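Predicted model, so just to flag it, every value in this text is computed and none were measured. Sequence lines set the chain letters: A, B, ... in the order given, protein chains first and strands last, and positions in each chain run from 1.
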There are 2 protein chains.
Amino acid sequence: MNTTEQKQESSAPKRQRMAPDERRAHILNAAQSLFFAHGWDNVTIADVLTQAGISKGGFYHHFTAKEDLLDGIVQHFTGEALKTAQAVRAAAKGGALDRFNAFLAETNRWKVQQGAQLKFFIDMMLRPGNEMLSHRITASVDAIALPVLHDIISHGVDEGAFDVPDINLVAGTIIAMSHDRRKALQSAVQTAQEGDIAEATTRLNDRMTAEAALMDRMLGLPQGSILLSKPSDYRLMLEAIVHA
Amino acid sequence: MNTTEQKQESSAPKRQRMAPDERRAHILNAAQSLFFAHGWDNVTIADVLTQAGISKGGFYHHFTAKEDLLDGIVQHFTGEALKTAQAVRAAAKGGALDRFNAFLAETNRWKVQQGAQLKFFIDMMLRPGNEMLSHRITASVDAIALPVLHDIISHGVDEGAFDVPDINLVAGTIIAMSHDRRKALQSAVQTAQEGDIAEATTRLNDRMTAEAALMDRMLGLPQGSILLSKPSDYRLMLEAIVHA
DNA sequence: CACCTACATACCGACCGTCGGTTTGTATGA
DNA sequence: TCATACAAACCGACGGTCGGTATGTAGGTG
């Protein structure tokens with residue numbers, strides 16, 4: 001960070017008192033945007049201070065260290081994921097397969113809706129210097145998604161609908177596969193931004209179709225049980241990302 | 001790092017000239033042991049200097065920044081992996097399935113042989129503050145392992161022996177699964193160190209058996225094709241780790 | 001007034017990387 | 001063989017930056 005920036009509020013650098021939670025969230029927002037944009041190491045506490053419009057003392061009144069910002073950001077990030085996951089679980093009815101497909105469809109819907117933010121996160125996570133951010137967010141998402149998936153699979157096994165060698169292994173592997181998707185997604189976004197949205201949609205859809213087929217096999221289901229191929233959704237998603 | 005250490009070579013702190021490669025390797029070794037033991041952020045350049053017995057100027061003659069050490073370490077680390085992978089590829093004969101099983105067996109043999117070092121690496125990679133190390137090493141290993149796996153699978157598909165939805169996806173997912181194994185391995189090592197080697201061996205073998213079954217499915221093979229269950233090997237490995 | 005909390009400012013120590021200079025090896029040529 | 005010249009290895013003090021602390025102050029509340 002070397003942005004020689006001089007925010008000169010004409011006359012009043014008056015401090016303005018805020019409620020602790022409010023101030024905390026305010027600082028966290030400022031920090032998040034900076035970290036996501038420039039990377040962990042390239043953003044200094046001072047940068048966060050100016051962005052948030054607070055002094056060092058004020059900052060250290062609410063946080064104990066730079067790393068605290070990380071925890072705050074990760075919690076906020078995974079909190080959103082948690083909300084969605086829980087809503088989906090509550091809404092899903094029917095057999096284990098139906099529930100799983102509902103879960104996947106909702107996740108997709110959420111991703112389409114997020115659009116721009118999604119790309120933002122992906123770019124951020126793949127940016128050099130953001131390994132720590134990326135790692136922690138991944139770990140937190142795992143912590144949330146694993147039990148949910150485990151539960152769904154476990155119910156499926158009990159029903160006799162699924163047949164897996166090991167529930168934890170399959171759940172973990174599915175999640176790992178979805179993490180690995182980030183690179184493919186980024187490359188598709190790249191293609192889309194270069195104008196070839198059709199090609200990007202195709203590639204993304206192919207990937208998702210293959211993932212669905214792999215999940216079928218992992219869960220011991222007949223081919224075509226898991227539904228992930230929704231070209232229209234992916235096209236919408238890519239368009240949302242490009243027009244952001 | 002606060003290890004107040006005073007290595008007092010009785011009389012002669014004479015600097016001794018070394019060949020560039022030798023000196024580089026020397027520094028790299030010192031840095032690696034320190035980083036692995038204490039974590040990336042907790043080791044300063046000064047620590048590396050004292051450990052390697054060189055001055056700051058000398059250091060920056062061979063390296064341009066602290067991060068250069070990372071690259072050096074990662075290259076050294078993955079160089080070993082590369083050697084093994086290449087040896088395996090050269091040695092493997094027969095059909096695609098045989099070649100793959102040979103590949104897996106050799107990897108296992110290598111792990112048994114490494115023993116203590118393996119545990120060292122696992123602990124290091126799971127230690128907080130080592131996210132960057134861990135991430136880069138994982139990425140490098142991926143870069144080496146992916147084309148090898150892709151090649152093996154691709155040959156298998158050509159032979160009609162394998163049947164996969166997408167070669168890259170399956171290769172990536174298998175590797176992701178094996179990365180995910182680290183946590184399970186660490187927990188097994190924990191159990192083994194607490195004395196219950198039998199239990200640890202069982203758990204590890206169960207995991208590997210499940211992984212083999214999953215691979216069978218991913219590759220479109222009849223169950224029992226991929227061979228990973230070798231309790232004796234795992235017992236040896238755990239014993240080697242415990243007695244280190 | 002007493003007191004607590006939100007916030008500000010001055011300051012500290014640690015650390016990374018630079019720079020001018022010194023030592024040591026090695027090629028060259030008479 | 002030995003002097004000369006050049007290159008490469010090496011040194012250690014210093015500057016600037018950054019995370020974190022110590023100390024002070026304003027405003028609200030009882």
The correct set of residues in residues 52-64 of chain A placing a heavy atom under 4.0 Å from DNA chain D is K56(A), Y60(A)
By side-chain hydrogen bond (donor to acceptor under 3.5 Å, both in side chains), N130(B) pairs with (sequence neighbours left out) none
Residues 77-88 of chain A vs salt bridge (Lys or Arg N to Asp or Glu O under 4.0 Å), sequence neighbours excluded, gives E80(A)-K83(A)
Notebook entry, point to check: Below 4.0 angstrom from OP1 or OP2 of dC10(D), is there any side-chain N or O of R23(B)?
Noted result: yes
Show the atom names and distances, to 0.1 Å, of all donor-acceptor pairs under 3.5 Å that link a side chain in residues 169-180 of chain A to residues at least two apart or in another chain.
residue	atom	partner	partner atom	Å
T173(A)	OG1	L169(A)	O	2.7
S178(A)	OG	I175(A)	O	2.8
H179(A)	NE2	D142(A)	OD1	2.6
D180(A)	OD1	K183(A)	NZ	2.9

T138(B) meets the side-chain hydrogen bond (donor to acceptor under 3.5 Å, both in side chains) criterion, sequence neighbours left out, with R182(B)
Worksheet entry | Exam field: side chain S55(B) to backbone G58(B), donor-acceptor pair closer than 3.5 Å | yes
side-chain hydrogen bond (donor to acceptor under 3.5 Å, both in side chains) filter on Q113(A), not counting sequence neighbours, yields R109(A)
D47(A) CG to dT17(D) C1', in whole Å, measures 11 Å
The ring pair (Phe, Tyr, Trp, His ring centres under 6.0 Å) partners of W110(A) (sequence neighbours excluded) come to none
Hits for ring pair (Phe, Tyr, Trp, His ring centres under 6.0 Å) against F121(B), two or more places apart or cross-chain, chain-then-number order -> F36(B), F77(B)
Here the distance between atom C1' of dC10(D) and atom NE2 of H26(B), to the nearest Å, is 14 Å
Bend of the helix from dC1(C)-dG30(D) to dA30(C)-dT1(D) from end-axis comparison, five pairs per end, nearest 10°, comes to 10°
